[in-house]
Amino acid sequence: MRRKPIVKSLLYVLSASAVISAGHVYVSHADDLDNGANNTATAATVSTNVTAASSINNILGSQLTADNFISTISPIAQSIANSNNLYASTMVAQAALESGYGTSYLTQIANNLFGIKSFDGTGVKLKTSEYNSNGQAYSTYAYFKSYNSLMDSLQGYANFLTVNSRYANVFKSQAKDGFEAASNIQKDGYATDPSYATKLINLIKTYNLTALDGNTSSTNTNTNTNTSSTPSTNSSSNTTNTNNQPTTTKPKKTLATATYTYGNPLETFQLSSKFANYNLYTHVKDTTAKNVTGNWPSYLKAGSNVYVDCLAVRTYKGASTTWYRIKTSKNAKSYWVSARAINFPTIHVHEYNGKAKLSHANRGLYSNVFNSQTLAKSLGSSNSYKNQTFNVNQIATYTYHGKENTWYRINISNIGDVWVNKTGVTYTKAEKKVSKKKVTKKKAKKVAKNKTTTKESVYSKASGHAYLNNYGKFALYNHIPGTFKHIQKTAWSQVKVPKDYKVGVNLKGIRTEYNTTWYRIVLNHKNYWISAKSLLFY
């Protein structure tokens with residue numbers, strides 16, 4: 001006997017994983033949870049900053065079409081992604097792929113955008129396609145979750161990733177962008193389709209979904225509390241107490257926010273003497289409700305090398321701290337740790353006016369000196385500019401593992417200022433200084449009388465912002481110490497420190513006698529000089 005079709009016609013959607021035909025649905029689904037303890041977690045209703053949040057919360061899958069899917073889902077996904085430290089681009093791409101742009105049977109009847117399964121026998125039972133270890137497709141039946149609304153489905157997806165520690169590298173604190181998050185989620189086993197990540201990346205590019213991600217900052221404002229019951233399509237999202245008594249809800253913990261700056265995966269630093277006193281976390285501390293801690297390998301000791309590829313400025317209750325994402329070996333799992341667990345070499349920088357010719361050696365060009373606290377992001381290779389000569393404006397030196405390192409800051413027109421190691425430079429040549437004219441004894445005495453100590457420092461323009469870091473150890477001055485006779489010191493108790501520790505920077509000075517670096521900062525609308533050691537730049 002011929003079976004009646006569920007829909008009147010077949011709708012084929014480019015790159016979609018759900019195809020409706022004869023009552024069967026193919027879903028590239030999320031696999032089971034790490035263990036049975038958390039598999040009852042369901043979506044919770046959340047408040048968002050989207051306009052008319054109450055009406056958005058009630059949008060149903062039955063209202064979606066292939067034409068309105070992206071415009072309908074994007075603002076909801078963006079709000080939920082921002083609140084859960086996720087990339088909205090990956091979230092929307094997955095929703096489109098899993099639901100056939102909202103036209104799949106599962107989405108239309110159960111508001112399930114992501115093919116998330118149910119393991120308690122509730123929800124919707126459907127026939128689905130899977131892939132075995134050899135990449136061959138086969139059919140089976142499975143239960144899938146049913147949600148009250150599309151917002152619940154999107155929040156359910158965020159909850160699903162949060163309670164499953166294996167998806168830690170999908171969050172902003174682990175993946176540098178939505179493309180990397182898409183690749184990671186396939187590696188983590190979200191779907192058995194071997195081309196799953198490729199499809200997601202194609203969707204992100206096709207619809208320019210990275211625009212939803214904004215910058216690399218993430219702000220978490222809730223704990224993503226999970227409810228214990230599975231919602232169904234005919235249940236109400238608002239429940240009433242039978243005794244007409246108001247229900248008590250547990251107050252949500254305020255989460256920390258973090259701003260991320262990515263560096264080079266090959267950059268290494270040494271562990272400090274007290275590294276074991278600091279915990280390892282899968283995310284920056286307090287930026288997510290579910291944060292798994294890791295253990296330091298027993299073979300590590302003070303001075304051991306670790307790989308560092310990302311920096312985060314964490315803001316929590318008005319205080320800012322610095323964190324780094326590390327690997328104890330190239331193939332080890334990434335963890336976040338406080339900056340205090342790492343030792344950074346002291347880097348001496350001085351101004352230089354000369355030329356440098358790049359060699360044939362294929363050396364990297366970086367945003368900062370390698371092994372600096374601000375990390376060195378790769379900007380290209382010296383091999384692309386071999387035998388070309390560039391202006392040098394700074395030289396940096398430091399000792400690392402007993403070896404002296406020298407770096408040159410050169411200016412390349414299409415990139416700007418970049419740093420290159422001395423081994424990538426054929427030669428450097430200082431600009432010739434204009435010879436001094438002979439002066440009479442009378443003129444020499446006059447020059448000596450008028451000479452001031454300001455020449456003991458070399459100044460250069462600076463602009464932008466910096467963050468105060470361990471600033472209490474350093475004093476504020478009206479001039480760089482030693483450059484003027486009358487130096488005034490200002491105590492920190494006399495100024496108001498910004499809550500985010502962010503200050504403006506308008507001038508840089510090098511005290512030539514000791515080769516120390518100073519910056520003039522703006523604090524409470526006044527200028528102060530402070531040691532560069534008290535500042536962090538991002």
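Sequence positions, counted from 1, serve as the residue numbers for this chain. Just the heavy atoms: all of them, side chains too, but no hydrogens, waters or symmetry mates, feed the values below.
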Ring centres of [X] and [Y] under 6.0 Å apart?
| X | Y | result |
| --- | --- | --- |
| Trp492 | Phe474 | no |
| Tyr167 | Phe160 | yes |
| Tyr398 | His348 | no |

Can you sort out the partners of [X] under side chain to side chain donor-acceptor pair (under 3.5 Å), two or more places apart, ordered by chain and number?
| X | answer |
| --- | --- |
| Ser382 | none |
| Glu267 | none |
| Glu351 | Gln394 |
| Thr282 | Asn291 |

Quick check against the 3.5 Å criterion: does [X] have a side-chain atom that pairs as donor or acceptor with the backbone of [Y]?
| X | Y | answer |
| --- | --- | --- |
| Asn524 | Lys496 | yes |
| Thr389 | Lys357 | no |
| Ser359 | Gly424 | yes |
| Ser304 | Lys301 | yes |
| Trp296 | Tyr278 | yes |
| Asn387 | Tyr385 | no |
| Thr162 | Ala158 | yes |
| Asp177 | Phe179 | yes |
| Gln78 | Leu212 | yes |
| Arg511 | Pro481 | yes |

For the student: nearest non-hydrogen atoms of [X] and [Y], plus distance:
| X | Y | value |
| --- | --- | --- |
| Tyr157 | Ile116 | CA-CD1, 3.7 Å |
| Ala182 | Ala197 | O-CB, 3.7 Å |
| Ile480 | Ile487 | O-CD1, 3.8 Å |
| Ser273 | Asn343 | N-ND2, 4.5 Å |
| Phe275 | Leu300 | CZ-O, 3.8 Å |
| Thr261 | Leu375 | O-CD1, 4.1 Å |

Check your understanding: Does atom CD of Glu404 have more than 12 heavy-atom neighbours, drawn from other residues, nucleotides or ligands, at distances under 6.0 Å?
Key ->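 Correct, the count exceeds 12.
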Check your understanding: Does Lys333 NZ have over 12 foreign heavy atoms under 6.0 Å away?
Key -> yes
Point to revise | Contacts of Phe269 that satisfy ring pair (Phe, Tyr, Trp, His ring centres under 6.0 Å) - sequence neighbours left out | key: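 Once residues adjacent in sequence are excluded, the partners of Phe269 under the ring pair (Phe, Tyr, Trp, His ring centres under 6.0 Å) criterion are Phe344.
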Review point. Listed by chain and number, what are the ring pair (Phe, Tyr, Trp, His ring centres under 6.0 Å) partners of Tyr408, not counting sequence neighbours?
Key: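 With neighbours one apart ignored, the set is empty.
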On the 0 to 90° scale, with breaks at 30° and 60°, tag the [X]-[Y] ring pair as parallel, tilted or perpendicular.
| X | Y | value |
| --- | --- | --- |
| His350 | Tyr352 | perpendicular |
| Tyr471 | Tyr501 | tilted |
| Phe370 | Trp407 | parallel |

Pairs under 3.5 angstrom only: tabulate donor-acceptor contacts from the side chains of residues 525-537 to other protein residues two or more places apart or in another chain.
residue, atom, partner, partner atom, Å
Asn527, OD1, Asn506, ND2, 3.1
Ser531, OG, Lys533, N, 3.2
Ser534, OG, Ser531, O, 2.7

Side-chain donor-acceptor contact under 3.5 Å, [X] with [Y]:
| X | Y | result |
| --- | --- | --- |
| Ser89 | Asp213 | yes |
| Thr423 | Asn421 | yes |
| Lys355 | Asn391 | yes |
| Arg340 | Ser272 | no |
| Asp417 | Asn393 | yes |
| Asn279 | Thr293 | no |

Check your understanding: Going through the checks in order, is the side chain to side chain contact (heavy atoms under 4.5 Å, CB included) test met by Asn84 and Gln155?
Key -> CA-CA 9 Å; Asn84 290 275; Gln155 183 61 51; 3.6 Å; yes
Sequence neighbours excluded, which residues qualify as side chain to side chain contact (heavy atoms under 4.5 Å, CB included) partners of [X]?
| X | value |
| --- | --- |
| Lys489 | Ala475, Tyr477 |
| Lys187 | Asn184 |
| Tyr307 | Thr268, Lys327, Lys330 |
| Ser329 | Ala332 |

Check your understanding: What residues, two or more places apart in sequence or in another chain, satisfy salt bridge (charged side-chain N to carboxylate O under 4.0 Å, His left out) together with Arg520?
Key ->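 Once residues adjacent in sequence are excluded, Arg520 has no partner under the salt bridge (charged side-chain N to carboxylate O under 4.0 Å, His left out) criterion.
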Practice item. Could you go through the salt bridge (Lys or Arg N to Asp or Glu O under 4.0 Å) check for Asp309 and Lys176 one step at a time? Key: CA-CA 10 Å; Asp309 67 352; Lys176 66 181 180 181; over 6 Å; no
Check your understanding: Going by heavy atoms in the side chains, are Leu161 and Ile185 under 4.5 Å from each other?
Key -> yes
Point to revise | Gln94: which of Leu200, Leu203, Leu113 passes side-chain contact (heavy atoms from CB on, under 4.5 Å) | key: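 Option passing the side-chain contact (heavy atoms from CB on, under 4.5 Å) with Gln94: Leu200.
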Review point. Does Arg166 pair with Asp188 as a salt bridge, N-O distance under 4.0 Å?
Key: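 Looking at Asp188 together with Arg166, the answer is no, because their closest N to O distance does not fall below 4.0 Å.
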Review point. Using 4.0 Å as the upper bound for N to carboxylate O, is an ion pair formed by Arg314 and Asp286?
Key: yes
